[in-house]
Participant: 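Below you will find the structure I want to go over with you.
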Amino acid sequence: MIDKRLRVVLAEDSVILREGMVELLGARGCEVVATAGTAPELLAAVAEHRPDVAVVDIRMPPTHTDEGIRAAVEIRSTDPGTGILVFSQHVETAWAARLLAGGAAGIGYLLKERVARTSEFMDALHRVADGGTALDPEVVTGLMRGARRRLVDTLTPREREVLELMAQGHSNRSIAALLVVSERAVEKHVAAVFTKFDLPATDVDNRRVKAVLAYLADQEG
């Protein structure tokens, strides 16, 4: 159980879902300092309360298209210290790339089905609050299909697997366990990825994730 008490602003226009998430977050030791049903309400709540994390539905009134993520991008530019965890029923690659363009620190993007898995959602929430990255595997795949396709295609199948797991926020040890290989083997694959992407390697996993995602996102749009 994670003990850190997070201050959260929650933006979701469905009253039923919003109330359910408030109850869940409260039961898991978080303090929901404000809720919002529209993007303007979200922006006002973040400005007033300065939460650790803003949890934001991408599609909000009045058009239910991209109001939520537009607001998230604005929060990112005006208050970069606030973590942003957006969720959606579908992968919105262009907006995910824009959200990540300023760097991947403190950014999360989950599909709603992942939010429904409580342990995964809470892990992602705390990771984002701590300045890490939490991206749904489908979001990572979508980003990799963008303008960096030729670079990604230079990777071996195993290097690509390692990169995708890095982008999801896994450590070397976690990747090794998931792929059933040695941690040393993972380190070699990580080094190869950075060489092919012309990015400086580092032993700090979170910084590797930030660099890879920032690079992919910056080239997406």
Side-chain angles (χ1 to χ4, degrees), residues 1-90 92 94-112 114-136 139 169 206 210 213-214 217:
M1 180 73 177
I2 303 172
D3 293 324
K4 182 180 178 183
R5 186 171 179 82
L6 298 181
R7 298 176 70 254
V8 180
V9 166
L10 172 63
E12 163 60 56
D13 66 297
S14 166
V15 175
I16 294 175
L17 181 55
R18 186 167 68 231
E19 289 181 351
M21 292 182 73
V22 168
E23 186 174 339
L24 166 65
L25 289 166
R28 289 303 182 103
C30 297
E31 179 186 1
V32 179
V33 295
T35 61
T38 66
E41 289 176 2
L42 165 62
L43 295 173
V46 169
E48 178 182 351
H49 295 282
R50 302 292 180 186
D52 298 306
V53 187
V55 179
V56 184
D57 188 354
I58 284 179
R59 297 174 181 268
M60 299 186 73
T63 69
H64 293 279
T65 54
D66 57 9
E67 284 87 352
I69 202 160
R70 282 180 183 273
V73 170
E74 184 172 339
I75 292 167
R76 185 69 169 166
S77 64
T78 59
D79 188 12
T82 297
I84 302 288
L85 179 58
V86 300
F87 59 97
S88 175
Q89 227 153 357
H90 309 285
E92 310 278 357
W95 278 103
R98 182 169 173 184
L99 185 61
L100 290 162
I107 291 292
Y109 188 141
L110 300 180
L111 293 182
K112 281 192 174 179
R114 199 89 44 189
V115 173
R117 301 171 192 172
T118 304
S119 61
E120 291 185 34
F121 173 54
M122 295 306 301
D123 177 69
L125 189 69
H126 282 273
R127 192 184 302 166
V128 168
D130 288 336
T133 305
L135 294 188
D136 197 284
V139 174
N206 189 47
K210 292 180 197 175
L213 287 179

Participant: Which heavy atom in His49 sits nearest to a heavy atom in Arg7, and how many Å separate them?
Facilitator: O-NH1, 2.9 Å
Participant: Nearest 0.5 Å, please: how far is CG in Leu125 from CZ in Arg28?
Facilitator: 11.0 Å
Participant: Donor-acceptor pair, distance only, cut-off 3.5 Å: does the side chain of Glu48 make one with the backbone of Ala44?
Facilitator: no
Participant: May I have the list of side-chain donor-acceptor pairs in residues 10-24 shorter than 3.5 Å, sequence neighbours left out?
Facilitator:
residue: Glu12; atom: OE2; partner: Ser14; partner atom: N; Å: 2.8
residue: Ser14; atom: OG; partner: Leu17; partner atom: N; Å: 3.3
residue: Arg18; atom: NH1; partner: Glu12; partner atom: O; Å: 2.6

Participant: Search all heavy atoms of Ala72 against all heavy atoms of Ile84 and return the closest pair with its distance.
Facilitator: CB-CG2, 3.8 Å
Participant: Which heavy-atom pair separates Tyr109 from Leu85 by the least distance, and what is that distance?
Facilitator: N-CD1, 3.9 Å
Participant: Tell me which donor-acceptor pairs under 3.5 Å the side chains of residues 56-64 have, and how far apart each pair is, sequence neighbours excluded?
Facilitator:
residue: Asp57; atom: OD1; partner: Arg59; partner atom: N; Å: 3.4
residue: Asp57; atom: OD2; partner: Lys112; partner atom: NZ; Å: 3.4
residue: Arg59; atom: NE; partner: Glu92; partner atom: OE2; Å: 3.4
residue: Arg59; atom: NH1; partner: His64; partner atom: O; Å: 3.4
residue: Arg59; atom: NH2; partner: Glu92; partner atom: OE2; Å: 2.5
residue: Thr63; atom: OG1; partner: Thr65; partner atom: N; Å: 3.4
residue: Thr63; atom: OG1; partner: Thr65; partner atom: OG1; Å: 2.7
residue: Thr63; atom: OG1; partner: Glu67; partner atom: OE1; Å: 3.1
residue: Thr63; atom: OG1; partner: Glu67; partner atom: OE2; Å: 2.3

Participant: Taking side-chain hydrogen bond (donor to acceptor under 3.5 Å, both in side chains) as the definition, give me every residue that meets it alongside Thr82, ordered by chain and number, with sequence neighbours left out.
Facilitator: Asp79
Participant: Looking only at heavy atoms, what is the nearest atom pair of Met122 and Cys30, with distance?
Facilitator: CE-SG, 3.7 Å
Participant: Please report the shortest heavy-atom distance between Val46 and Ala54, naming the atom on each side.
Facilitator: CG2-CB, 4.2 Å
Participant: Restricting to side-chain contact (heavy atoms from CB on, under 4.5 Å), what partner residues turn up for Arg114, sequence neighbours left out?
Facilitator: Leu110, Arg117, Glu120, Asp136, Pro137
Participant: Could you list the residues that satisfy side-chain contact (heavy atoms from CB on, under 4.5 Å) with Leu43, not counting sequence neighbours?
Facilitator: Ala71, Glu74, Ile75
